[in-house]
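To keep things clear, I will list the structure first and then write my remarks on it.
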Amino acid sequence: MGTEIAGVIPIVFSPKSSRPNIDAKKFSKNFFDHYDVEKFALGTTYIIKEKVLLENYRAFLSEFHNLIEDVYAPEDLEIFINMPRPKTLDDFVESFHRDSLEGFSPYVYDCESSFSTLGCHCSLYFHFYSGSYRATLEEHRTLLHFEKVLAKVMKNPLADAIKIGLYG
């Protein structure tokens, strides 16, 4: 197993410890519209708005996979047809947790050291895309460009909440 390019929707994230303030230039234009902000003594945490995620994740997955022209359309995949329809964010995390799905995408994962992206630490994220396992990268800036392009070409509101980085 190597390092892959991955696409995620952060569910919970915080600024990188080396930079306590978020640099908005490292995110798509409307990214923060989809998050609630909680300030604590130890820092700031961003949590995705439950309604945005729950009402849009299925259509997002369909639009994304049709856009990149996956070999199998999500409608053809058993996992997509039988995908859970949770009513709360906690149910979403439980239904899609990586351990319960045996690591098959899409899944929710809670290991921030496994996913590296520009601008933040994702402590809980919805992993929806797996790319090459031979990924090497000197700068995350190119992946930021892809995030911004996807946000502009996709119609689903969750397209603005994408982070692309290295996983593994």
Knowing that exactly one of I47, I22, T44 qualifies, which makes a side chain to side chain contact (heavy atoms under 4.5 Å, CB included) with V37?
T44
Between [atom1] on residue [X] and [atom2] on residue [Y], distance to nearest 0.5 Å:
X: C120; Y: E112; atom1: SG; atom2: CD; answer: 10.0 Å
X: S28; Y: I164; atom1: OG; atom2: CD1; answer: 10.0 Å
X: K155; Y: N56; atom1: NZ; atom2: CG; answer: 14.5 Å
X: L61; Y: N66; atom1: CG; atom2: CG; answer: 10.5 Å
X: L150; Y: Y129; atom1: CG; atom2: OH; answer: 10.0 Å
X: L53; Y: I48; atom1: CG; atom2: CD1; answer: 4.5 Å

Please check this pair: side chain of K87 against backbone of F92, looking for a donor-acceptor N/O pair closer than 3.5 Å.
no
May I ask you to check if K163 and F27 form a cation-pi contact, with NZ or CZ under 6.0 angstrom from the six-membered ring centre and within 45° of the axis?
yes
For residues [X] and [Y], report the shortest heavy-atom separation together with the two atoms involved.
X: P10; Y: V8; answer: CD-O, 3.8 Å
X: N156; Y: E63; answer: N-OE1, 3.0 Å
X: A24; Y: F32; answer: CA-CE1, 4.2 Å
X: K26; Y: L118; answer: CD-CG, 3.7 Å
X: F115; Y: A6; answer: CE1-O, 3.8 Å

Pair Y125, Y107 - check side-chain contact (heavy atoms from CB on, under 4.5 Å), show working.
CA-CA 8 Å; Y125 45 91; Y107 59 83; 5.6 Å; no
Distance-only side-chain donor-acceptor flag, E38 / T45, under 3.5 Å
no
Start with the C-alpha distance between Y109 and H127, add both sets of side-chain angles, then the distance that settles side-chain contact (heavy atoms from CB on, under 4.5 Å), and finish with yes or no.
CA-CA 7 Å; Y109 201 42; H127 183 283; 5.6 Å; no
Can you confirm whether [X] sits close enough to [Y] that some side-chain heavy atom of one is under 4.5 Å from a side-chain heavy atom of the other?
X: F128; Y: L158; result: no
X: D110; Y: H97; result: yes
X: L143; Y: T117; result: no
X: H34; Y: D160; result: yes

Angle between ring planes, Y57 versus F126, binned at 30° and 60°: parallel, tilted or perpendicular?
perpendicular
Angle between ring planes, F31 versus Y35, binned at 30° and 60°: parallel, tilted or perpendicular?
parallel
Evaluate the criterion side-chain contact (heavy atoms from CB on, under 4.5 Å) for residue pair C122 and Y46; output intermediate values, then yes/no.
CA-CA 9 Å; C122 299; Y46 296 80; over 6 Å; no
Using side-chain contact (heavy atoms from CB on, under 4.5 Å), reason through M154 and F64 one step at a time and then give a plain yes or no.
CA-CA 8 Å; M154 291 181 71; F64 175 79; 3.8 Å; yes
